[in-house]
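Position 1 is the first residue of the sequence; numbering continues from there.
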Amino acid sequence: MSTVLTQPQETTAGDQIKALERDYVLQNYARYPIVLHKGKGCYAYDLDGKRYLDLIAGIGVNALGYAHPRLVKVIREQAALLLHTSNLYYHEYQGRLAERLAKMSGLRRTFFCNSGAESIEGAIKMIHSHGGRISPEKYEIVSLQNSFHGRTMGALSITGQEKYRKDFEPLLPGVKFVPVNDITALEQVVGERTAGIVIEWIQGEGGINPMTQEYASKARELADRYNALLVFDEIQCGVGRPGTYFAYQLAEPLVLPDIMVAAKPLACGIPLGVIVTNERAAATIGPGMHGSTFGGGPFACRVALEFLDILDELLPSIRSTGAYFRMKLAELQRHFQFIKDVRGHGLMIGVELDIPGKQFVLDALADGMLINCTHDTVLRFLPPFIITEKQVDIAITKLRKIFRSFAASQ
Ligand SMILES: Cc1ncc(COP(=O)(O)O)c(C=O)c1O
């Protein structure tokens, strides 16, 4: 008797969704095994109705959580008016958002695009244009070890992590990497050929590593001495997350870059990236030298304006709830030896372990909580800005339980 081989049957809606993604979607992501369906506030719900307290917020994007009533309202209104115009024409919201960003950042001019990597690409073009006008030899970019700037070829070229770059070489020539907060190394590497210095103010993917004020000041001084452009990548650490508009505003005295790039939370999930520059950096791009079909459309800009109005009200609680969260995590650190460090600013928090963190992420998922691990050993928390101390307490209770059962199993 011959055996008939049958394909395993996809039984639930969730199984069918996973099967379609397995069969038809590029297999570049290692997804967790849940299918998210909807959200409200700081909670996401899967297809079966299971609720998850979300402490990663779409990797720092869902700043107002899910279904925020004010965002839902403007999204509905604007969808019925105008989604896209292209940059051939004016619309009501781009100039207003640029003015707002200028006031928030202390810089002057904005270019609008759609993602973090796209904003970094534009910044690299500005650096090359700037250097090229001075000398054909002036194209070097100094960037930081452990940094992450995105997946496009230019952004990869200045990303200081070999694992992201190695399959795509050759990349842009002339990029030099220096260790974070090492002033001597920075002084040794910056010179006449340096056209730009790029700094991620609090490294995100690299494990929540904040810059020191002295380091930022030195970078500014060297950029001025050698006529290079100083770029701050605020894509993950900016737009309210550190408890200030931008992470560089944490430093006293203030160190202003020539160019600042931001994206993730700016339109709370509608793709939007920006390059915000002073006049000197803006002068590197003339008519026709750069552009973006979708960049700065009325939909994304209007949502961003609404978000920024709400952000003004939230900044104090980002600072206080962030401090409370870090204090509670530090308490856990006293109980569990495998926690080496708790660090961060505002609601950008890292818990460094001396063991891999992946299993904790899976345990949290099973227990109804979304967290993330970066750099293998750093649990990363980027919760929505609306998170409350009560929700932090819930998170801490779940973490304590997970850590306890791990400690007991050792
Ligand atoms: C600091 C930083 N720069 C750039 C990027 C790239 O942004 P995107 O994924 O929107 O292209 C990221 C994304 O995680 C980031 O964290």
Side-chain angles (χ1 to χ4, degrees), residues 84-91 93-143 149-150 152-158 171-175 193-200 219-220 223-224 226-235 238-239 246 248 256-263 266-267 271-298 300-301 304:
H84 175 73
T85 53
S86 86
N87 285 298
L88 290 173
Y89 312 104
Y90 295 98
H91 64 74
Y93 300 105
Q94 209 179 91
R96 275 176 56 193
L97 181 55
E99 180 191 34
R100 186 70 171 266
L101 289 165
K103 286 184 176 150
M104 288 164 62
S105 66
L107 299 167
R108 186 57 200 266
R109 289 192 183 273
T110 294
F111 173 80
F112 290 98
C113 55
N114 306 283
S115 69
E118 194 186 349
S119 65
I120 285 282
E121 290 298 322
I124 293 174
K125 280 177 77 175
M126 288 177 171
I127 290 173
H128 273 221
S129 167
H130 168 75
R133 287 176 189 181
I134 298 165
S135 150
E137 313 256 276
K138 194 173 177 71
Y139 59 85
E140 285 183 4
I141 300 179
V142 175
S143 181
H149 297 291
T152 51
M153 291 297 273
L156 271 186
S157 306
I158 62 164
L171 295 166
L172 279 184
V175 181
R193 289 174 170 225
T194 307
I197 303 173
V198 184
I199 289 179
E200 202 188 327
R220 178 72 274 172
D224 290 341
Y226 293 106
N227 195 4
L229 294 176
L230 181 62
V231 181
F232 288 162
D233 178 341
E234 294 265 350
I235 290 163
V239 205
F246 300 105
Y248 65 83
L256 263 187
D258 300 295
I259 299 173
M260 182 272 294
V261 292
L266 193 54
L272 182 63
V274 289
I275 312 174
V276 191
T277 75
N278 59 18
E279 293 289 21
R280 173 168 166 252
T284 61
I285 299 290
M289 283 173 69
H290 196 52
S292 170
T293 297
F294 292 110
C301 287

Does Ile259 form a side-chain contact (heavy atoms from CB on, under 4.5 Å) with Phe232? I'd like the steps, not just the answer.
CA-CA 6 Å; Ile259 299 173; Phe232 288 162; over 6 Å; no
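- Contacts of Leu171 classified as side chain to side chain contact (heavy atoms under 4.5 Å, CB included), with partners at least two apart in sequence or in another chain: Met153, Leu156, Ser157, Arg165, Phe168, Glu169.
- Side-chain atoms of Glu140 never come within 3.5 Å of backbone atoms of Arg193 as a donor-acceptor pair (strictly under, hydrogens ignored).
- Between Arg280 and Asn227, the closest side-chain pair of non-hydrogen atoms falls below 4.5 Å.
- Under the side chain to side chain contact (heavy atoms under 4.5 Å, CB included) criterion, Arg100 pairs with Met104, Leu305, Leu308, Asp309, Asp312, not counting sequence neighbours.
- Taking each heavy atom of Leu230 and Ala223 in turn, the nearest pair found is CB-CB, 4.1 Å.
- Glu99 meets the side chain to side chain contact (heavy atoms under 4.5 Å, CB included) test with Lys103; sequence neighbours excluded.
- Distance CD1/Ile127 to CD1/Ile158: 6.5 Å, rounded to 0.5 Å.
- Of all the heavy atoms in Ser292 and Asn114, the pair that sits closest is OG-ND2, 3.2 Å.
- Here the closest heavy-atom approach between residue Ala117 and residue Gly150 is recorded as CB-CA, 4.2 Å.
- Between Cys113 atom SG and His290 atom NE2 the span is 6.5 Å, to the nearest 0.5 Å.
- Ile124 CD1 to His149 NE2: the interatomic distance, rounded to the nearest 0.5 Å, is 8.5 Å.
- A 4.5 Å side-chain heavy-atom check between Ser115 and Pro271 finds every atom pair outside the cut-off.
- No donor-acceptor pair closer than 3.5 Å links the side chain of Asp233 to the backbone N or O of Val198.
- One distance of note links CD of Glu121 with CD1 of Ile275; it measures 9.5 Å at 0.5 Å rounding.
- Nearest heavy atom pair, residue Ala219 against residue Ile197, reads O-CD1, 3.7 Å.
- Ring orientation note: the planes of His91 and Tyr93 are tilted relative to one another, at an angle of 30° to 60°.
- For Leu107 against Pro257, the heavy-atom pair with the smallest separation is CD2-O, 3.2 Å.
- Using a 4.5 Å heavy-atom cutoff, the side chains of Ile285 and Thr277 are not in contact.
- Contact annotation: the side chain of Thr284 never approaches that of Met289 to less than 4.5 Å [non-hydrogen atoms, C-beta and beyond].
- At least one donor-acceptor pair under 3.5 Å links the side chain of Tyr248 to the backbone N or O of Ser105.
- Residues that satisfy the salt bridge (Lys or Arg N to Asp or Glu O under 4.0 Å) test with Arg109, not counting sequence neighbours, are Glu279.
- Between the side chain of His128 and the main chain of Ala195, no donor-acceptor pair closer than 3.5 Å is present.
- Residues that satisfy the side chain to side chain contact (heavy atoms under 4.5 Å, CB included) test with Thr110, not counting sequence neighbours, are Ala98, Leu101, Phe112, Val274, Val276.
- Residues passing the salt bridge (Lys or Arg N to Asp or Glu O under 4.0 Å) test with Arg220 are Asp224, Asp258, sequence neighbours excluded.
- Residues Ile120 and Ile235 have side chains in contact (heavy-atom distance under 4.5 Å, counting atoms from C-beta outward).
- Of all non-hydrogen atoms in Ala228 and Gly196, the two that sit nearest each other are CB-N, 3.9 Å.
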